[in-house]
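Here the structure is laid out as structure tokens; the discussion comes afterwards.
Here is how names work: the chains are called A, B, and so on, in the same order as the sequence lines, proteins then strands, and each is numbered from 1. The basis for the numbers below is simple: all heavy atoms, side chains too, and nothing from hydrogens, waters or symmetry mates.
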2 protein chains.
Amino acid sequence: MKKDAKIRILIADDHYIVRIGLVALVSTEPDMEVVAEAADGAQALELFAKCNPDLALIDLSMPVKSGIETTIEIRKRFPAAAVLILTAYDGDEDIYRALQAGAQGYVLKSSSGEKLIPALRSVAAGQRWIPKDVASRLASRSSFEQLTPREVQVLQELAKGLANKEIADTLNITEHTTKDHLKSILSKLRVADRTEAVTAALQRGIIHL
Amino acid sequence: MKKDAKIRILIADDHYIVRIGLVALVSTEPDMEVVAEAADGAQALELFAKCNPDLALIDLSMPVKSGIETTIEIRKRFPAAAVLILTAYDGDEDIYRALQAGAQGYVLKSSSGEKLIPALRSVAAGQRWIPKDVASRLASRSSFEQLTPREVQVLQELAKGLANKEIADTLNITEHTTKDHLKSILSKLRVADRTEAVTAALQRGIIHL
DNA sequence: CATGTCATCCCTCTTTAGAGGGGTATGGAA
DNA sequence: TTCCATACCCCTCTAAAGAGGGATGACATG
């Protein structure tokens, strides 16, 4: 290996402290370096295009453009890009969507340096990296049925506290149809009523406040 | 000032990366040092008792014992302790409770080093530190009426998706009383129904999932 | 072409939610 | 003590919510 063939990393996180921490952690490793720091998704995209890093370490919850959106964009524009998601547990749905979006790995912010560094190296080398516990939750996730886009849309209005009739108006459908969607939401999420549906969806990351 | 009279800081955060970041940040300042690192509230208490730091920098969302609980405990056992809350925006109610719990300051994880370092120095020197935007949100908070402990309790059951009758059973009251509490919750939070009450309470940090 | 999924619409029926009144007992503040 | 907030109880009534059926057109996939 050439001495200057370091793994060039882009980090994207809206928390300044986290960015410092990542830079500090990476700088302890001689074979990697942080070449760009972004505080939001849009900035991450810009910097990726400019720096063309070997690895993008991206937080899920960021302003302007979410980690998921950013990952999708990066992978679309740079199909060879290696993306590792770093987050403070945002629910199974987010993990699933991150991997669907093309991320090769997923690490939690609580994981120690001994776990993080190998993840960085692994994903930069083109391999996948998904912690066992995350993988198992991902498996159990599949036991729940997938919500359709329309159902998610209804769920979002539901979270605002709208009544069926109001949801019907905003979505330009009838109250009957709203009730139908609600019925399938309740059965798919295996909950008893709309309020539990909202909290369950929030916990699983299907919707956000 | 004596050369070795550094500000001795205890940091408590469940995210390893954040702890690294804080250590890295603090180490850039010659007059302060991190003397203890805790990954949860209980550990923070232990280490505080052992190290007796000049300042405790505490995250709000931690396992085992929350930042609020930890702050209350620390302030009870060490009335002279200086506590600075560090968090990723957890809703107005949390900020309010943190300050009620005896914390002298409040900083957001997104704030830059130029803002964080003065906050550390200020609180360690016995002064208060509350960002302007946080202070203004705190003021607007007071326009909402305070929920009683019982109402918060009902709200928590509400978030589980329980029906009025079920809530009544778990709290050993009648359904009528549950409805009464619900009525005052709806009016105090200025929302139309139970579902909106739950999301509003989550946003304001009155309850958590 | 058949099958399946999605989104839409419709009806009935029972239970629940929420608005509107009423009241009592307690314990702290004025 | 008088006042006020809290917590508890009760009743009625209307409008929702949610469970149960059945049905259609669009569109993709086998």
Side-chain angles (χ1 to χ4, degrees), chain A residues 93 96-97 100 141-204 206-207, chain B residues 93 96-97 100 141-204 206-207:
Chain A
E93 194 65 19
Y96 178 74
R97 280 202 287 242
Q100 282 295 102
R141 196 201 77 95
S142 60
S143 72
F144 284 92
E145 292 173 69
Q146 187 80 20
L147 293 189
T148 67
R150 198 55 159 176
E151 285 160 359
V152 175
Q153 221 173 339
V154 171
L155 208 37
Q156 264 153 355
E157 301 305 314
L158 221 49
K160 295 179 190 165
L162 298 188
N164 291 336
K165 182 71 185 68
E166 296 173 311
I167 298 175
D169 288 345
T170 54
L171 298 183
N172 287 314
I173 54 179
T174 65
E175 189 184 351
H176 296 293
T177 307
T178 307
K179 282 190 172 186
D180 287 335
H181 289 311
L182 180 56
K183 273 187 274 192
S184 48
I185 289 170
L186 295 180
S187 99
K188 284 182 180 178
L189 296 183
R190 295 175 199 167
V191 294
D193 56 59
R194 53 176 57 215
T195 308
E196 197 182 353
V198 169
T199 51
L202 286 171
Q203 278 178 322
R204 294 184 44 206
I206 299 172
I207 57 169
Chain B
E93 195 65 18
Y96 178 74
R97 279 202 288 242
Q100 283 295 102
R141 195 201 77 96
S142 59
S143 72
F144 285 91
E145 290 174 70
Q146 187 80 19
L147 293 190
T148 67
R150 198 56 159 175
E151 285 160 358
V152 175
Q153 222 172 338
V154 171
L155 210 36
Q156 263 151 355
E157 302 304 314
L158 221 48
K160 295 179 190 164
L162 298 188
N164 291 336
K165 181 70 184 69
E166 295 173 311
I167 297 175
D169 288 344
T170 55
L171 298 183
N172 288 314
I173 55 179
T174 65
E175 189 184 351
H176 297 292
T177 307
T178 306
K179 284 189 172 187
D180 288 334
H181 288 312
L182 179 56
K183 274 186 275 192
S184 48
I185 290 170
L186 295 179
S187 99
K188 284 182 179 177
L189 296 182
R190 295 175 198 167
V191 294
D193 56 60
R194 52 176 57 215
T195 308
E196 197 182 352
V198 169
T199 52
L202 286 171
Q203 279 179 321
R204 293 184 45 205
I206 298 173
I207 56 169

Would you mind telling me which of D:dC11, D:dG18, D:dA17 lies closest to the side-chain atoms of A:Asp193?
D:dG18
Is there a donor on the side chain of A:Lys179 or the base of D:dG18 sitting less than 3.5 Å from an acceptor on the other?
yes
Is A:Glu166 reaching over with its side chain to a backbone N or O of A:Leu162, donor-acceptor style, under 3.5 angstrom?
no
For nucleotides 4-7 of chain D, tabulate all protein N/O to nucleotide N/O atom pairs closer than 3.5 Å, reporting atom names and distance.
{"from": "D:dA7", "atom 1": "OP2", "to": "B:Thr148", "atom 2": "OG1", "distance (Å)": "2.5"}

Need one value for B:Lys165: base, sugar-phosphate or nothing, where a base atom within 4.0 Å counts as base even if backbone is also close, heavy atoms only.
nothing
Is it the case that the side chain of B:Glu151 and the backbone of B:Leu147 share a donor-acceptor pair, with hydrogens and angles ignored and the cut-off at 3.5 Å?
no
Is the closest side-chain heavy-atom distance between A:Thr178 and A:Leu171 below 4.5 Å?
no
Residue closer to the 5' end of DNA chain C, A:His176 versus B:Glu175 (nearest nucleotide):
A:His176
Taking C-beta and beyond as the side chain, do A:Glu93 and A:Gln203 meet within less than 4.5 Å on heavy atoms?
no
A:Lys165 meets the salt bridge (Lys or Arg N to Asp or Glu O under 4.0 Å) criterion, sequence neighbours left out, with A:Asp169
Could you go through the side chain to side chain contact (heavy atoms under 4.5 Å, CB included) check for B:His181 and B:Ile173 one step at a time?
CA-CA 11 Å; B:His181 288 312; B:Ile173 55 179; 4.1 Å; yes
Sequence neighbours excluded, the answer for salt bridge (Lys or Arg N to Asp or Glu O under 4.0 Å) partners of B:Lys183 is B:Asp180
Going by the rule salt bridge (Lys or Arg N to Asp or Glu O under 4.0 Å), which residues pair with B:Arg150 if we only count those two or more places apart in sequence or in a different chain?
none
Flag side-chain contact, heavy atom, 4.5 Å: B:Glu196 against B:Asp193:
yes
Bounded by its outermost nucleotides with an atom under 4.0 Å from a heavy atom of chain A, the footprint on DNA chain C reads C:dC6 to C:dC11
Rounded to the nearest Å, what distance is computed from the CG atom of residue A:Leu186 to the P atom of nucleotide D:dA16?
18 Å
Enter the distance from B:Ile206:CD1 to B:Gln156:CD here, rounded to the nearest 0.5 Å.
10.5 Å
May I have the distance from A:Lys183 (atom NZ) to D:dG20 (atom C1'), rounded to whole angstrom?
7 Å
Hey, does the side chain of A:Asn164 come within less than 4.0 Å of D:dA16's phosphate (OP1/OP2), counting only N and O?
no
Nearest-0.5 Å distance, CZ of residue A:Arg97 to CD of residue A:Gln100:
10.5 Å
Check: protein-nucleotides 22-27 of chain D nitrogen or oxygen pairs below 3.5 Å:
none

